[in-house]
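All values below were derived from every heavy atom in this structure, side-chain atoms included, with hydrogens, water molecules and symmetry-related copies excluded.
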Amino acid sequence: MILTMKNIVKRYGSHTALDHLTVSVNKGESLGLLGPNGAGKTTAIRVLTGLTGSDAGEVRIFDKPLKGGAADIKKRIGIVPQDLALYETLSARDNLEFFGKLYGVKGAKLKKRADDVLEILGLSDVAKKAPKKFSGGMKRRLNIGCAIIHSPELLILDEPTVGIDPQSRNHILDFVTEINKQGTTVLYTSHYMEEVEKVCSRVCIMDAGRVIADGSVEELTASVVFEETVALEVKESAPSLKDSIKKVQGVKNVAVDGRKLVITNETGSGNLARILDIAQPYIILGVSARRPTLEDAFLSLTGKKLRDDTGGENA
């Protein structure tokens, strides 16, 4: 195990933010931490990085207790916080070299590493410019660069793509995927389900301060019972087709929207082939069968949407 949080309790007055939270990350993994607003993700990140103490439980990183071993541990991890941690008036290169020196990287090695990071993150052409002139996406990329300048063994990213353009988001996701392939262990929190699906080999879903589900995307979607949906579009309106499909065993509902029929089936009915057989006399313009997604699993497990603007903790 690279990282273990065992039975972590964190209270703020009468509110329990973390309720005997237990999370582990294996070497080389990319773990996604998901949860609705107020789930405790940000508090968990603060505890495991030593920014906030816990009321009970233990954090171990590289098989060392965080309490007492923080100085050595912090040299081996990189942290990308939600809030940008950059010096706006220093150049991109100067930011990288400043943070590199804090981690003990010096001389020619630091200059070479700064060149490599600028290239990896697509910032070589703005190396001499100050981030105050950068777009939000460029600042986010530089923020990541400052966290990896010392080649950390464990990289913790807390909402690294908040408020950026699609191009920068894709660049960051590709980077996280690549650095994980190269051996860096990754802990990734996000409000964007598709990001976690793309970059994480394993997912922990949190709610009310504890982990309620843990596994691969495939395992989590398979663990929850879903209805199966088939969407069928024909060239001309076909009222009789609806009636015929409704008679198929396992079909629960058929909704018609113009030339499109949305068929809801019982779980495991496997009705797609039977539906297509019935629709053969018609000219079919399109057909799709929606499989369960991580978002379906999340909603089923928590009863909440991942992104909720009604308030509470942002992560």
Side-chain angles (χ1 to χ4, degrees), residues 1-6 8 21-35 41 44-50 57-66 69-81 99-100 103-105 109 113 116-117 119-121 140-141 143-161 169-190 192-206 211-223 294 297-298 315:
M1 296 289 180
I2 287 284
L3 181 156
T4 302
M5 301 180 74
K6 187 175 182 180
I8 301 296
L21 176 70
T22 297
V23 177
S24 62
V25 186
N26 297 310
K27 183 176 181 180
E29 267 192 323
S30 180
L31 176 69
L33 197 59
L34 289 174
K41 298 192 309 299
I45 295 295
R46 290 180 62 83
V47 169
L48 71 86
T49 55
E58 182 184 40
V59 177
R60 296 184 71 87
I61 304 178
F62 308 118
D63 203 28
K64 298 178 181 180
L66 182 61
D72 178 61
I73 289 170
K74 288 180 179 179
K75 292 179 181 179
R76 301 168 65 186
I77 66 176
I79 303 169
V80 182
F99 283 99
Y103 285 110
V105 187
K109 182 178 179 181
R113 180 61 180 162
D116 291 343
V117 170
E119 178 68 26
I120 290 168
L121 295 173
R140 286 283 172 188
R141 281 186 269 164
N143 203 42
I144 291 174
C146 293
I148 64 164
I149 187 67
H150 59 302
S151 303
E153 297 168 58
L154 170 64
L155 180 62
I156 300 169
L157 302 105
D158 190 11
E159 302 284 351
T161 65
R169 173 174 282 111
N170 289 335
H171 202 124
I172 288 172
L173 296 181
D174 289 343
F175 161 76
V176 173
T177 300
E178 184 57 32
I179 198 171
N180 179 239
K181 286 180 180 178
Q182 293 174 7
T184 302
T185 304
V186 173
L187 176 60
Y188 191 99
T189 79
S190 178
Y192 296 96
M193 198 79 68
E194 62 276 13
E195 291 185 4
V196 172
E197 288 185 281
K198 181 173 181 178
V199 305
C200 297
S201 55
R202 190 173 127 236
V203 179
C204 280
I205 296 179
M206 286 183 65
V211 172
I212 61 171
D214 182 352
S216 66
V217 173
E218 293 76 16
E219 288 169 340
L220 291 178
T221 55
S223 68
L294 183 58
F298 184 91

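The two residues M206 and V211 come nearest to each other via the heavy atoms CG-CG2, 4.2 Å. Closest approach of T221 and E218 over heavy atoms only: OG1-O, 3.1 Å. Among all heavy-atom pairs drawn from P65 and I73, the shortest one is O-CD1, 3.9 Å. Across all their heavy atoms, L66 and G50 have their closest contact at CD2-N, 3.8 Å. Closest approach of C146 and Y103 over heavy atoms only: O-CE1, 4.2 Å. Closest approach of P81 and N143 over heavy atoms only: O-ND2, 3.7 Å.
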Go through M1 and N26 one step at a time and tell me if the side-chain contact (heavy atoms from CB on, under 4.5 Å) criterion holds.
CA-CA 4 Å; M1 296 289 180; N26 297 310; 2.9 Å; yes
Might you work through the side-chain contact (heavy atoms from CB on, under 4.5 Å) test for V25 and T185, ending with a clear yes or no?
CA-CA 8 Å; V25 186; T185 304; 3.5 Å; yes
Report the C-alpha separation of V196 and V203 in whole Å, then their side-chain angles, then the decisive distance to 0.1 Å, and conclude whether the side-chain contact (heavy atoms from CB on, under 4.5 Å) test is met.
CA-CA 8 Å; V196 172; V203 179; 3.7 Å; yes
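Residues L34 and L294 form a side-chain contact, since some pair of their non-hydrogen atoms from C-beta on lies under 4.5 Å apart. No side-chain heavy atom of T177 sits less than 4.5 Å from a side-chain heavy atom of S30. For the pair L3/R60, no side-chain contact is recorded, criterion being any heavy-atom separation below 4.5 Å from C-beta on. Counting heavy atoms from C-beta on, the side chains of R202 and D214 come closer than 4.5 Å. Residues L33 and Y188 have side chains not in contact (no heavy-atom distance under 4.5 Å, counting atoms from C-beta outward). Considering only heavy atoms from C-beta on, V47 stays 4.5 Å or farther from L21 through its side chain.
Atom OG1 of T4 is separated from atom CG of D63 by 8.0 Å, given to the nearest 0.5 angstrom. Atom CG in L155 sits 5.5 Å away from atom CD1 in I179 (nearest 0.5 Å). Separation of atoms CD (E159) and OG (S190) is listed at 5.0 Å; rounding is to 0.5 Å. Rounding to the nearest 0.5 angstrom, the gap separating the CG atom in L48 from the CD1 atom in I8 is 9.0 Å. In this structure, L154 CG and E29 CD are separated by 11.5 Å, a value rounded to the nearest 0.5 Å. One distance of note links CD1 of I156 with OG1 of T49; it measures 6.5 Å at 0.5 Å rounding.
R113 places a side-chain N or O within 3.5 Å of a backbone atom of I148 that can act as its donor or acceptor partner. Formation of a donor-acceptor pair under 3.5 Å by the N180 side chain with backbone atoms of G28 is found in this model.
Geometrically, R141 does not engage F175 in a cation-pi contact defined by less than 6.0 Å to the ring centre and at most 45° from the axis.
Paired with I45 under the rule side chain to side chain contact (heavy atoms under 4.5 Å, CB included), one option of L157, I79, T189 passes, and it is T189.
Atom CD of E197 sits in a crowded spot, with more than 12 heavy atoms from other residues, nucleotides or ligands closer than 6.0 Å.
Applying the salt bridge (Lys or Arg N to Asp or Glu O under 4.0 Å) definition to pairs two or more places apart or across chains, those involving residues 169-181 are R169-E195, D174-K198.
Classification of K75 and D72 as a salt-bridged pair fails, no side-chain N sitting under 4.0 Å from a carboxylate O.
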